[in-house]
Amino acid sequence: MAVRQSPLLVPLALLVLVWGQPPVDAVLPPSFRIEQTSDSFRLLLQDDLLLVDHGPGHAAVVLGTGTTTFKETTGNFIINDTITERLPLSSFSVSAESESAATVTLWSSTDAESTVTLRFSTSADSVLIGGGAARPERFDRLWLRLHAEPDETVFGGGEQYTFFNLRGRDYPVWTREQGILRDPDNPLTDIISLDGGAGGDYHTTYWPEASFLSSRGYYFRSVTHEYGALQFSSEERHELYTQSAGALDVRVAAGSPLQLVQWANTGRQLLPDWASEGVILGLEGGTEFMMQRYQQARDAGIKVAGIWIQDWSGIVNTAFGERVFWNWRWNETHYPGLDTVIQTLKADGVRLLAYINPYLNIDGDIYQNNKDMGYFLTDASGAEYVQDFGGFSCVTVDLLSEPASAWYEQLIRTNMLDLGISGWMADFAEYVPVDAVSAGAAALSSPAALHNTFPALWGRANRRAVTAAGKEDDTLFFVRSGNTEQAQHAAMTWSGDQNVDWTTTDGLVTTVVSALSLAIAGCGLNHFDIGGYTTQRPFFVRSEELLLRSAEYAVFTPVMRTHEGNRPDANVQWYSNERILAAFARLSRQFAALAPYTRAALAEYGESHTPLQRPTFLHYPNELSGYTNLTGYQYLYGRDLLVAPVYEEGAQSRRLRLPEDSWVHLWTGEQWQGPQEVTVDAPLGQPPVFYRADSEWVELFKQISQITE
Ligand SMILES: *[C@@H]1O[C@H](CO)[C@@H](O)[C@H](O)[C@H]1NC(C)=O
Ligand SMILES: *[C@@H]1O[C@H](CO)[C@@H](O)[C@H](O)[C@H]1NC(C)=O
Ligand SMILES: *[C@@H]1O[C@H](CO)[C@@H](O)[C@H](O)[C@H]1NC(C)=O
């Protein structure tokens with residue numbers, strides 16, 4: 001870094017954006033410099049990438065005060081963030097400390113307490129921005145403004161569902177239920193939202209992050225657990241809004257999209273070999289029912305890799321219907337003989353998966369035997385915090401407290417892994433009330449940070465349990481909630497609870513957007529509930545077409561897992577008729593045949609940290625100029641497959657973008673040349689899938705195209 005005391009021309013010869021270059025292992029060596037005049041300063045990365053542009057009428061930092069209230073109803077939050085004061089800081093001074101560190105101090109001449117320091121420095125791979133408000137007790141919120149170009153696109157924001165390109169909208173950073181329908185323009189959303197905001201909106205998500213990739217060639221990541229937002233609704237600037245006003249913790253890296261996404265990904269996700277051998281069938285209803293369905297699948301020729309039973313711990317009857325008994329141990333009444341069945345299935349090459357979350361039903365013996373141990377979140381008075389989960393009441397395991405987390409990790413080992421369970425849905429973690437208290441709270445920047453911190457603690461507990469048991473290579477657990485730390489822990493994600501419908505706000509295609517945004521956020525191994533989950537008679541129930549469109553696309557993802565949905569009887573299921581059984585048999589064989597390719601992509605993920613499902617612009621950066629929203633509705637699976645799921649009801653074709661390469665249509669062998677937008681025939685069973693003509697996997701792809709029954 002260098003602080004220059006006078007404005008200098010940007011040296012154009014130093015072209016930093018290496019678009020189109022072959023992938024290298026690292027982002028660009030970080031560097032920055034600051035140019036200043038008497039009333040403005042500009043921070044440039046890599047000499048010419050303008051990141052912060054401060055001057056009269058466009059302050060880089062704004063301080064504020066206000067009140068924020070959160071009203072929680074079963075994981076939905078109505079947030080009232082009322083700003084009472086906004087103070088742009090126009091005065092500044094710059095001081096260089098060394099070649100790689102500088103501090104910019106900003107203040108408003110109208111308020112002596114308004115000082116903010118921005119401390120810029122470089123680490124091995126990124127430019128760090130620290131500092132913050134000198135008096136956060138006076139100003140409890142801060143906006144950091146970044147320069148933006150009109151045609152710039154931005155991606156990430158954690159897990160997003162509706163829009164892949166985030167530009168033009170604001171994205172609160174608050175983990176919560178993703179919502180049902182998520183479309184305030186739809187009157188049905190408003191009706192659903194009468195129940196505490198359950199309808200959601202375009203930004204409601206289990207896994208929000210204040211991090212994004214810019215098409216201008218940088219990646220911005222802010223670690224903040226207090227409430228905040230990424231704000232992209234302005235033409236001129238991006239804003240990080242944070243209530244961690246006193247403690248900025250930002251990293252910015254520069255490079256090509258591929259380099260930056262590799263940098264953002266940890267590559268720590270896990271996929272055991274067995275998961276690529278067939279479908280994981282989501283079933284409920286006890287041992288006998290489960291085994292009947294399994295036999296039916298085998299008889300139909302479906303390749304089965306696993307059976308996933310959510311209700312392994314039993315069922316409770318509530319006013320809302322049957323719900324899983326949240327008391328995490330094998331229920332021998334509901335699943336008699338499960339211990340031996342697990343071994344029989346294993347001998348068949350089929351694994352058993354179960355379910356767990358960080359809550360315990362207070363009617364269960366696990367809670368009863370462990371209450372008063374200090375293992376659960378409390379309220380301000382120190383009493384265990386009991387929450388209504390819709391017909392039953394639960395406590396939350398205090399995963400920030402080491403003794404409590406260790407206890408729960410041991411429970412996962414004893415009650416699940418030791419029983420022979422090979423994987424589970426690690427559900428929830430978004431419901432921590434804002435007034436809940438943890439015994440480990442000393443580790444938090446403020447009590448308000450517990451809510452957004454919790455999802456990664458849940459991922460960590462699962463990961464530690466699996467690691468301690470020595471079963472990382474053999475176990476598949478999948479989470480939905482997250483934050484900037486979660487990718488260090490999660491083995492993989494699933495996309496949460498889509499509606500069993502075709503909407504672009506909560507239906508089938510949102511699973512593509514979620515995989516791509518998570519790939520940018522740093523978690524490059526994802527899957528989804530085949531056919532969706534949320535069912536609401538008579539408004540949305542799963543049709544045969546939706547189930548099959550969803551399944552045919554899951555062939556080209558890392559895991560094929562079905563879910564019966566929250567109303568199994570209302571939905572079409574893989575076992576509903578012979579036609580669907582035959583289709584599942586074919587799709588499961590295609591999926592299993594693709595296993596060598598999937599494993600190679602997974603190995604690549606471990607080495608170079610390139611996500612399995614990727615936006616085309618990672619390998620074809622030209623796709624970023626003239627970006628169209630089709631980009632968020634299609635993806636590369638590994639390096640060589642381009643997949644564009646059919647997401648419209650009744651559609652027999654689909655429009656997609658072929659990036660600059662030679663592409664072979666999987667089902668017809670016809671060759672197409674990119675770049676171009678094309679409409680491709682897509683009868684049921686033949687989603688638009690292309691492979692690169694010069695792929696080393698051509699023979700395998702041809703074999704898959706021949707699996708027609
Ligand atoms: C939000 O909070 C402010 C200030 O506390 C209050 O005046 C306002 O009425 C609230 N808005 C809603 C919609 O509740
Ligand atoms: C097991 O599940 C059954 C029915 O699902 C339930 O009635 C019973 O209470 C559960 N038993 C135990 C010991 O949790
Ligand atoms: C994508 O772009 C098309 C064409 O401009 C438009 O009709 C469609 O509504 C857009 N979809 C989204 C989700 O923005």
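We count ligands from 1, going down the list as the structure has it; atoms in each ligand are counted the same way. Count residues from 1 along the sequence.
With sequence neighbours excluded, the residues that form a side-chain contact (heavy atoms from CB on, under 4.5 Å) with Val223 are His225, Asp249, Thr484, Glu485. Every residue was checked against the salt bridge (Lys or Arg N to Asp or Glu O under 4.0 Å) condition with Asp140, not counting sequence neighbours, and none meets it. Remark: Arg463 pairs with Glu472 by the salt bridge (Lys or Arg N to Asp or Glu O under 4.0 Å) rule, at least two apart or across chains.
Asp398 places no side-chain N or O within donor-acceptor distance of the main-chain N or O of Ser438, the cut-off being under 3.5 Å.
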Present, as a list of atom pairs with distances to 0.1 Å, all nitrogen or oxygen contacts under 3.5 Å between ligand 1 and the protein.
residue, atom, partner, partner atom, Å
ligand 1, 2 (O), Asn80, OD1, 3.4
ligand 1, 2 (O), Asn80, ND2, 2.4
ligand 1, 2 (O), Thr82, OG1, 3.2
ligand 1, 11 (N), Asn80, ND2, 2.8
ligand 1, 14 (O), Asn80, ND2, 3.4

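Inter-residue side-chain proximity for Arg145 and His58 is flagged as unmet; no heavy-atom pair is nearer than 4.5 Å.
At a threshold of 4.0 Å, the pair Asp427-Arg480 counts as salt-bridged, since one of the basic side-chain nitrogens sits closer than that to a carboxylate oxygen. Salt bridge annotation for Arg464-Glu402: present, with a cationic side-chain nitrogen under 4.0 angstrom from a carboxylate oxygen.
The side-chain tip of Arg323 does not point at the ring of Phe392 from less than 6.0 angstrom away and within 45° of straight on.
Proximity to Phe325 (heavy-atom distance under 4.0 Å) selects the following atoms of ligand 2: 14 (O). Within ligand 2, counting atoms from 1 as listed, the ones closer than 4.0 Å to a heavy atom of Gly314 are 2 (O), 5 (O).
Ligand 2 has a nitrogen or oxygen under 3.5 angstrom from a nitrogen or oxygen of Ile315. Remark: ligand 2 and Asn331 share an N or O pair separated by less than 3.5 Å (distance only, no angle test).
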